[in-house]
Amino acid sequence: MTSPSTSNDHRCLNLISKCKSLENLKQIHAQFLTTGLSHHTFPLSKLLHLSSTVCLSYALTIFRRIPNPSVFLYNTLISSIVSNHQSTQTHLAFSLYARILTSRSAAIRPNQFTYPSLSKASGFHPRWHRHGRALHAHVLKFIEPVNHDRFVQAALVGFYANCGKLRAARSLFDRIIKPDLATWNTLLSAYANSGDGENENDLGLSEEVLRLFVEMQRSSLVRPNELTLVALIKSCANLGDLCGGVWAHAYLLKNNLSLNQFVGTSLIDLYSKCGSLSYARKVFDEMPVRDTSCYNAMIRGLAVHGFGQEAIGFYKNLISQGLIPDDATFVVTISACSHSGLVDEGLRIFSSMEAVYGIEPKVEHYGCLVDLLGRSGRLEEAEECIEKMPMKPNAMLWRSFLGSAQVHGDLERGEIALKHLLGLEFENSGNYVLLSNIYAGVDRWTDVEKTRELMKDHRVNKSPGISTIN
DNA sequence: GTAGGGTTAG
């Protein structure tokens, strides 16, 4: 296969960049067949990439009709599937890879372009983690050390990081002689994203980001960019380290880095988590371009600080700016209503989700709805909502219902909630404490005692509360 | 030569 050269062929390639619909795609494909372009690897790869974004099954049909596809074309299709279809079509990417491996042609062998996208796909879901480890072995087998390049290495670091194997990710990273910026960012974001839990080790990961950032600056080979700053700011947010966050913000300004939507959203989140809502608002106002995510972060910040009306104001603003709310928007906005007692407003927003925006409510949205009704004492309606919801309620939902039952002294519903909750997470001491408090509230001390016995039976220990003063 | 890795809110 060689490259096309006539102007007619170039016109065809230009059409590709303008193609929007399946119909357009079919017309271009017809042109490919009549002009003979379908025999050339380069235009075919453009066509495959485009068709996988418009209609994946059509891309696969085109691919099937290529007599002897080169590794180049396999790689194009694999990476297009991974980047356009996230985790939903990972099996297709791997079946193409299996075809490379089983090809009888000696020319069809995986190369360094095959692995980065497959390694990335392996981290999408635990189901594929095993395949990711196998890919690592294949890299050692098929890729010459000289070709074992920075893309392959960074993708493997990213894979181990995404499946929670941070030690493996770090040990691979440490063996890279001169990591480039993207490789540094892979590691830093892995630590930042794993460090948002509640235990001490998680916080240690965020502290490690701060140390690595210092180490990175000592290297004259790379200069931190916006992606690095997102990892740094997120780590400060995880640690509740306002000073560190302000320093990162100053670094951003001093080094002329852009306040893009990612950096802006992480700063809004940082300032909200550290209680500086006015700084969060200032960042929001200064952002040159605002997307749905940065509105979501701002709405959430307002929600947790109890500014329900203001949060709804931002939600309305998002809509009037022509932005499309996503499922996170509804989680944060309905919980803003919930925390401020704006029940009817919350109910209206919930029902507009599917009716106006075509977003099917997930379990977390029903959780918000149950919380909204429950907190305001409308427990009967909350219970009705649980009965009618189309999926199985999760532990968070039952916990919220249990909390509402406790606040409103509804013993019967509290017991129902706890029964379900213990079925889902019998080891969580907080659930027993909530029920015990309900019994204590109505002077049922024998039941308080029974709840404590139940905890012992299930071998659940409640660690004593500690208050700290900083 | 064309194909490959890194970022946000719950």
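Residue numbering restarts at 1 for every chain, and letters A, B, ... go by the order of the sequence lines.
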Mind checking ring-ring contact (aromatic ring centres under 6.0 Å, His included) for [X] and listing every partner two or more places apart, or none if nothing turns up?
X      : answer
A:F284 : A:Y295, A:F314
A:H339 : none
A:H131 : A:F94, A:W128
A:H138 : A:Y97, A:F142

**Ring centers of A:F63, A:Y74 separated by less than 6.0 Å** =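 Distance test on ring centres: under 6.0 Å, yes.
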Enumerate, atom names and distances included, each donor-acceptor pair closer than 3.5 Å involving a side-chain atom of residues 340-359 of chain A, sequence neighbours excluded.
| residue | atom | partner | partner atom | Å |
| --- | --- | --- | --- | --- |
| A:S340 | OG | A:G306 | O | 3.4 |
| A:S340 | OG | A:G308 | N | 3.0 |
| A:S340 | OG | A:A336 | O | 3.3 |
| A:E345 | OE1 | A:R348 | NH2 | 3.4 |
| A:S351 | OG | A:L347 | O | 3.2 |
| A:S351 | OG | A:R348 | O | 3.0 |
| A:S352 | OG | A:I349 | O | 2.8 |

**Message:** Show me the pairs that pass salt bridge (Lys or Arg N to Asp or Glu O under 4.0 Å) and involve residues 96-124 of chain A, at least two apart or across chains.
**Reply:**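 Every candidate salt bridge (Lys or Arg N to Asp or Glu O under 4.0 Å) pair involving residues 96-124 of chain A fails, so no pair, neighbours aside, qualifies.
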**Item:** Donor-acceptor pair (no angle test) under 3.5 Å: A:N185 side chain, B:dG5 base
**Value:**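 A donor-acceptor contact between them is absent.
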**Prompt:** Among B:dG6, B:dG5, B:dT8, which nucleotide sits nearest the side chain of A:A155?
**Reply:**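 Closest nucleotide to the A:A155 side chain: B:dG5.
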**Asked** What nucleotide, of B:dA3, B:dG4, B:dA9, holds the atom closest to the side chain of A:F72?
**Response**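 Closest nucleotide among those given: B:dA3.
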**Request:** Looking at every strand, decide which applies to A:N162 at a 4.0 Å heavy-atom threshold: base, sugar-phosphate, or nothing.
**Result:**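 No contact.
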**Message:** Counting the atoms with a prime plus P, OP1 and OP2 as sugar-phosphate, which does A:T186 contact under 4.0 Å by heavy atoms, base, sugar-phosphate, or nothing?
**Reply:**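 Result for A:T186 = sugar-phosphate.
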**Request:** Please list residues of residues 339-353 of chain A whose heavy atoms come under 4.0 Å from any atom in DNA chain B, ordered by number; otherwise none.
**Result:**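 Going residue by residue through residues 339-353 of chain A, none turns out to have a heavy atom under 4.0 Å of DNA chain B.
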**Message:** At a heavy-atom distance below 4.0 Å, what parts of residues 229-265 of chain A sit against DNA chain B?
**Reply:**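 Those residues whose heavy atoms fall under 4.0 Å from DNA chain B, taken from residues 229-265 of chain A in numerical order, are A:V230, A:K234, A:Q261, A:F262, A:T265.
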**Message:** Does anything in residues 241-253 of chain A form a side-chain hydrogen bond (donor to acceptor under 3.5 Å, both in side chains)? List the pairs, not counting sequence neighbours.
**Reply:**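 For residues 241-253 of chain A: A:H249-A:Y271.
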